[in-house]
Amino acid sequence: MIRIGFPDGTEREFPEGIEAGQAAATLQQAQEAVAVKMDGRLLDLSAPLTQSGKLELVMPDCPEGLDILRHSAAHIMAEAVGHIFEGVKFAIGPAIEDGFYYDFDLEEKITEEDLGRIEKEMRRIIAKGEPFQRLSLPKAEAMRRMKDAGQVYKLELLGEIDQEPISFYGQGDFLDLCLGPHLPDASRIKAFKLLSVAGSYWRGDSRNKMLQRVYGTAFYSEEELKKHLKLLEQAKARDHRRLGKELGLFSVHEEVGPGLIHWHPKGGLIRHLIEKFWYEEHLKRGYQIVYTPHIANERIFEISGHLDKYADLMYSPMDIDGQPYRLKPMNCPGHIMIYQSRKRSYRDLPLRLCELGTVYRYEPSGTLHGMLRVRGFTQDDAHIFCTQEQLASEVAGVLELADFMMKAFGYTYRTYLATMPEDHLGTEEEWQWSTEALRKALEERRTQYEVDEGGGVFYAPKIDIKLLDSMGRLWQGPTIQVDLNLPTRFNATYVGADGAEHLTVIVHRTVLGAMERFIGGLIEHYAGAFPLWLAPVQVKVLPIADRHNDYALEIKKGLQEKGLRSEADLRSERISLKIREATLEKIPYMLILGDKEAEKGTVALRHRTEGDLGQHCLDDVAARLLAEIEERIPA
RNA sequence: GCCCGCGUAGCUCAGUCGGUAGAGCACGGCACUCGUAAUGCCGGGGUCGGGGGUUCGAAUCCCCCUGCGGGCUCCA
């Protein structure tokens with residue numbers, strides 16, 4: 001007999017080997033459970049229990065429940081693909097964040113049109129309600145079976161598994177190497193949809209064969225699936241490439257080259273406002289503004305090591321007076337030159353040099369993506385030169401700035417401390433004190449953080465901040481990296497109070513990342529509706545009839561004098577059309593002007609989403625908007 | 001870079017089996033002068049991404065190039 005404890009605190013005895021589902025049958029909602037957790041380990045409902053322990057149900061609405069559904073859906077999809085196509089070799093098919101995929105190797109090309117056929121076959125399989133059955137095989141037998149079936153990828157995976165027996169799951173005529181668990185049977189897959197086909201390298205390595213990947217998603221109910229698909233639609237409507245075009249923010253031109261952004265007046269204004277904000281906040285915190293050249297003799301990148309390590313990502317050299325020059329991929333060497341321009345004493349430190357530095361990187365063409373992944377971009381870069389003792393407080397200062405800026409844009413974030421990776425430069429001792437300094441800074445600021453073990457860069461530890469946008473998506477945010485490598489390479493030192501030379505510590509840090517990516521992300525975060533302080537046009541002045549145009553221009557002038565950005569729509573169009581178009585342009589406020597307003601010298605205020613806000617005098621409206629701008633109230 | 005797909009008017013897209021192009025919006029003109037999310041009529045606009053090939057004939061079929069999209073690796 002074995003003793004099983006349940007979440008409600010009760011305990012019962014069962015004969016050894018009882019199925020998990022049966023043991024849990026008396027629990028509430030046991031009917032809906034899709035699997036169980038035994039002492040924290042996921043098991044099938046049909047798994048025999050052989051030891052005493054604590055048992056919990058895994059319900060459909062928890063994350064693990066969803067993963068199990070999707071993983072099972074991936075198996076069903078693989079079975080269906082095996083039915084439709086000849087000679088399919090199966091690679092891997094896991095559940096992922098919002099769904100699942102399966103990688104196949106087959107001669108024939110799977111196209112988007114095939115997705116319908118595959119879905120149909122999946123439905124047929126699901127309708128049969130085949131059970132997912134676990135099969136344990138000794139490794140030798142498993143290898144023999146996979147070899148006979150010509151499943152080379154499974155064979156490769158098997159070769160790396162040490163434990164025995166090996167677990168397989170089968171349904172219908174499909175058998176897959178798999179840890180499980182799975183749903184009891186296919187009929188539990190109520191709602192699914194295949195979304196796309198894509199190429200992917202076996203094990204994500206470009207030296208390996210390109211496989212065909214089919215992406216899909218699955219839910220326990222049609223409603224949830226519909227909700228998810230609607231969310232995808234909404235994300236599409238926020239796509240910064242679409243909004244960038246619609247709102248006249250930026251463009252990319254085939255004639256110029258891929259990944260090179262042209263900022264249009266409205267996008268340019270947004271960027272200018274953010275840069276202005278950025279400069280002000282940096283100056284307040286003791287940073288000094290520098291500018292460094294866009295091209296440089298490649299000698300400098302030999303010293304920095306970039307040429308050695310990042311040559312593939314750098315634009316080819318150009319011959320200048322017989323010397324090879326390169327577009328800069330990083331700002332650090334230039335900043336170090338400024339540091340090195342004279343002998344430095346401990347009294348000069350900390351030295352905080354900041355630059356909105358435009359860099360060029362030859363990113364692989366397939367990775368380019370709107371403003372988010374480009375080849376020419378402006379980093380909000382800064383390098384802090386300091387002593388070892390100053391490191392923690394300098395990092396704390398950066399954390400404060402990062403927090404301030406992220407809040408200004410309405411982002412919440414998560415913080416990670418990335419520690420020494422296996423492949424690294426420098427001594428253990430250096431890693432230890434630099435990591436400790438970061439930790440101390442985080443603790444001093446009372447920042448909640450997680451440790452990303454081994455996630456540091458090869459030359460030093462770092463702090464990564466990931467942003468959570470309004471759609472709940474995670475973005476790369478501010479990063480702070482300690483660097484002991486570049487100071488060594490450039491021999492960046494200072495004279496200490498003791499009269500001796502010491503190696504300077506460099507902190508690389510970025511808050512926004514790159515203007516292109518940050519603003520691309522902001523467009524999606526705000527769905528194109530920028531808060532008043534960033535809106536390129538803050539107010540649209542809308543006269544009702546032509547005879548109100550003069551008054552409209554007078555009001556526009558008044559707004560301009562108050563420092564508010566406005567446009568007047570003087571076309572002979574109906575007011576409803578003007579309102580509609582201003583709303584679609586996502587302009588925060590409208591002033592509607594007709595006979596009543598012209599007579600009384602007032603304006604009728606309308607907000608983009610709140611609608612009619614009634615009549616006011618211009619001064620009151622201006623005061624209201626200026627206060628909103630001052631506080632940088634999110635849209 | 002690699003795999004798949006796509007590129008038709010400024011934008012979004014239609015274009016059947018190959019017979020030299022069409023809609024809506026936008027743009028220009030005219031009329032209406034209008035009160036909180038689309039007034040009506042008229043008009044201009046395309047060497048169908050570029051090059052080559054097959055064909056009597058190519059937006060349509062084939063090849064190359066280019067750009068874009070979905071992914072893979074990496075990442076500001």
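Each chain gets a letter, A, B and so on, in the order the sequences are listed, and its residues count up from 1. In this text the structure is predicted, and so the values were computed from the model without any measurement. Basis for what follows: all heavy atoms, side chains included, without hydrogens, waters or symmetry-related copies.
Surrounding CG of A:D423 are at most 12 heavy atoms belonging to other residues, nucleotides or ligands under 6.0 Å away. Counting heavy atoms of neighbouring residues, nucleotides and ligands inside a 6.0 Å radius, atom NZ of A:K193 does not exceed 12 of them.
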Cut-off 3.5 Å, no hydrogens considered: what does the side-chain donor-acceptor table look like for residues 195-203 of chain A, sequence neighbours left out?
| from | atom 1 | to | atom 2 | distance (Å) |
| --- | --- | --- | --- | --- |
| A:S200 | OG | A:D103 | OD1 | 3.3 |
| A:S200 | OG | A:D103 | OD2 | 3.2 |
| A:S200 | OG | A:R213 | NE | 3.4 |
| A:S200 | OG | A:R213 | NH2 | 3.4 |
| A:W202 | NE1 | A:E156 | OE1 | 3.1 |
| A:W202 | NE1 | A:E156 | OE2 | 3.3 |
| A:R203 | NH1 | A:E160 | OE1 | 3.2 |
| A:R203 | NH1 | A:E160 | OE2 | 3.0 |
| A:R203 | NH2 | A:E160 | OE1 | 3.1 |

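Take the nearest nucleotide of RNA chain B for A:D464 and for A:T111: the residue whose nucleotide is more 5' is A:T111.
For the pair A:K540 and A:E567, the salt-bridge criterion is met [side-chain N within less than 4.0 Å of a carboxylate O].
Across all strands shown, A:Y310 has no heavy atoms under 4.0 Å from either base or sugar-phosphate atoms. Residue contacts shown for A:V359 are absent, as no nucleic acid heavy atom lies under 4.0 Å away. If you check every strand for non-hydrogen atoms under 4.0 Å, A:S196 touches sugar and phosphate atoms only. Using a 4.0 Å heavy-atom cutoff across all strands shown, A:P364 reaches at least one base atom of the nucleic acid.
Nearest nucleotide to the A:Q481 side chain, out of B:rG1, B:rG70, B:rA76: B:rA76. Across B:rC3, B:rA76, B:rC68, the shortest atom-to-atom separation from the side chain of A:P258 is found for B:rC68. In the set B:rC3, B:rG1, B:rG70, the nucleotide with an atom closest to the side chain of A:Y362 is B:rG1. If you check B:rG70, B:rA76, B:rG67 against the side chain of A:F377, the one that comes closest is B:rA76.
Residue A:E363 contributes atom CD, which lies 17 Å from atom C1' of B:rC68 at whole-angstrom precision. As rounded to whole Å, 12 Å separates atom P of B:rG5 from atom CD1 of A:I110. As rounded to whole Å, 13 Å separates atom C1' of B:rG70 from atom CG of A:L232. One interatomic measurement links the two molecules: CG of A:L115 to C1' of B:rG70, which rounds to 12 Å at whole-angstrom precision. A:W202 places its CH2 atom 16 Å from the C1' atom of B:rU73, with the value rounded to the nearest Å. Rounded to whole angstrom, the span from the CZ atom of A:R375 across to the P atom of B:rA76 amounts to 18 Å. The interatomic distance linking A:H369 (NE2) with B:rG67 (C1') rounds to 15 Å, in whole Å.
Contact annotation: A:R241 side-chain N/O to B:rG69 OP1/OP2 distance is under 4.0 Å. Between A:K245 and the phosphate of B:rU12, there is a side-chain N or O to OP1/OP2 separation shorter than 4.0 Å. Distances shown here put a side-chain N or O of A:Y215 below 4.0 Å from the OP1 or OP2 atom of B:rC72.
The aromatic ring centres of A:H525 and A:F409 sit 6.0 Å or more apart. Centroid-to-centroid, the aromatic rings of A:F458 and A:H424 stay 6.0 Å apart or farther.
Comparing the P positions of B:rC64 and B:rG1 gives a spacing of 16 Å, expressed to the nearest Å.
Between the side chain of A:Y201 and the base of B:rG1, at least one donor-acceptor pair of N or O atoms lies under 3.5 Å.
Looking at every heavy atom in both residues, A:A91 comes nearest to A:L211 through CB-CD1, 3.7 Å. When all heavy atoms are compared, the tightest approach of A:H264 to A:S251 is NE2-OG, 2.6 Å.
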Original post:
Which parts of nucleotides 27-42 of chain B does protein reach within less than 4.0 Å, heavy atoms only, written one letter per nucleotide 5' to 3' as B for base, S for sugar-phosphate only and - for none?
Top reply: -----BBBBBBBB---

